[in-house]
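Some notes on the structure that comes next.
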Amino acid sequence: MLIQYIIGPAGSGKTTLIKSLVEYLQEYNQEISVVTINLDPGCRTLPYTPDIDIQDYVTVDAVMEKTGLGPNGAMIAATDLMVNYVEDLKYEINQYNDPEIILVDTPGQMELFSFRNSGPMIANALGFGSVKRGIIFTYDSTMCIHPNGFISTLLLAASVQFRFANLSQINLLTKKDLIHKEKLENILKWVDDEYELASATENLEHGMLRELTLSLGRTFREFGAISELLPISAKYGEGIEDVWGAIQRVVNDDTSPY
Ligand code: GDP
Ligand code: MG
């Protein structure tokens, strides 16, 4: 069993990706058993029907009503409260017959899940027995058009890597249909070649920011944090087979940590 947590900035397409992955599997790969879990306590509607939904246990609306907190405070409280239901989630997972893949949708605002304690705690608690765990990080292509936006998303991806230490990470460049082909190619070049990122920063940025961008790019490359970035459009179902291929590689990789 592999549990894949989908993590990324708000609106970067995590939920739409799950919808698209599930549709792809239904169409092309029906032998593989997949279970979806929604861990976003604040989404009123979802474009797919999760098999397991944290909102059966805790919702932002209920927390607001009970505590009088506003939407932001209630979102934080509801995300923290999710850890109380880990045993229920495990019980529900066990009702399925050892599924091969579990796709986990996480709260829109990634910092609530990744940088507070609840996310890593839930990820640890669900990693029982020989369950493998991994992360899919969604880079929003509209935020990565400029080198500084690209680098700041990279910083987020790297901090998620720190928070969920040792988990494999698949990096996706989402919403590719929303940016021009040349821009997309630029971003992919920045990933492949540090000189491309350096020359882009030369054109676009100056002074301290440029120096910072360059040295961060260099550091990430040295630590292997800049790795393959798969461009996809979950909305139009493009590149989804590549995501599936990357998930399969994690499943079959015996060196990947449990
Ligand atoms: P989340 O907050 O990361 O779960 O993001 P969502 O999946 O809810 O997506 C946020 C918005 O971006 C929604 O309006 C989606 O329809 C839209 N979106 C997601 N993926 C794509 C895509 O591949 N292309 C386009 N054009 N829009 C997308
Ligand atoms: Mg979402």
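A quick note: this is a predicted structure, and the numbers were derived from the prediction, not measured. Order of listing sets the numbers, starting from 1, for every ligand and every atom in it.
- The closest side-chain heavy-atom distance from Ile7 to Phe164 is below 4.5 Å.
- No salt bridge links Asp253 with Lys132; every basic N to acidic carboxylate O contact stays at or beyond 4.0 Å.
- Residues Glu228 and Val191 are not in side-chain contact: their nearest non-hydrogen atoms beyond the backbone lie 4.5 Å or more apart.
- The salt bridge (charged side-chain N to carboxylate O under 4.0 Å, His left out) check on Asp53 picks up nothing, with sequence neighbours excluded.
- Excluding waters, the set of protein N/O/S atoms under 2.8 Å from the Mg ion (ligand 2) reads Thr15 OG1.
- Here ring pair (Phe, Tyr, Trp, His ring centres under 6.0 Å) pairs that include residues 7-39, with residues two or more places apart or in two chains, are Tyr24-Tyr28.
- Contact check for Ile187 versus Tyr139: no side-chain heavy atoms found under the 4.5 Å cut-off.
- One finds a salt bridge joining Asp80 and Arg116 here, because a Lys/Arg side-chain nitrogen approaches an Asp/Glu carboxylate oxygen to under 4.0 Å.
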Which protein N or O atoms sit under 3.5 Å from any N or O of ligand 1? Give each pair with its distance.
unit_1	atom_1	unit_2	atom_2	d
ligand 1	2 (O)	Gly11	N	2.9
ligand 1	3 (O)	Ser12	N	3.2
ligand 1	3 (O)	Gly13	N	3.0
ligand 1	3 (O)	Lys14	N	2.9
ligand 1	3 (O)	Lys14	NZ	2.9
ligand 1	4 (O)	Thr15	N	3.0
ligand 1	4 (O)	Thr15	OG1	2.9
ligand 1	5 (O)	Gly13	N	3.1
ligand 1	7 (O)	Thr15	N	3.3
ligand 1	7 (O)	Thr16	N	2.8
ligand 1	7 (O)	Thr16	OG1	2.5
ligand 1	23 (O)	Asp177	OD1	3.4
ligand 1	23 (O)	Ser233	OG	3.3
ligand 1	23 (O)	Ala234	N	3.0
ligand 1	23 (O)	Lys235	N	3.1
ligand 1	24 (N)	Asp177	OD1	2.7
ligand 1	24 (N)	Asp177	OD2	3.4
ligand 1	26 (N)	Asp177	OD2	2.8

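- In summary, Glu185 and Lys189 do not engage in a salt bridge, as defined by a charged side-chain N under 4.0 Å from a carboxylate O.
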Go through the steps to decide whether Leu2 and Val250 satisfy the test side chain to side chain contact (heavy atoms under 4.5 Å, CB included), and finish with yes or no. CA-CA 8 Å; Leu2 168 68; Val250 179; 3.9 Å; yes

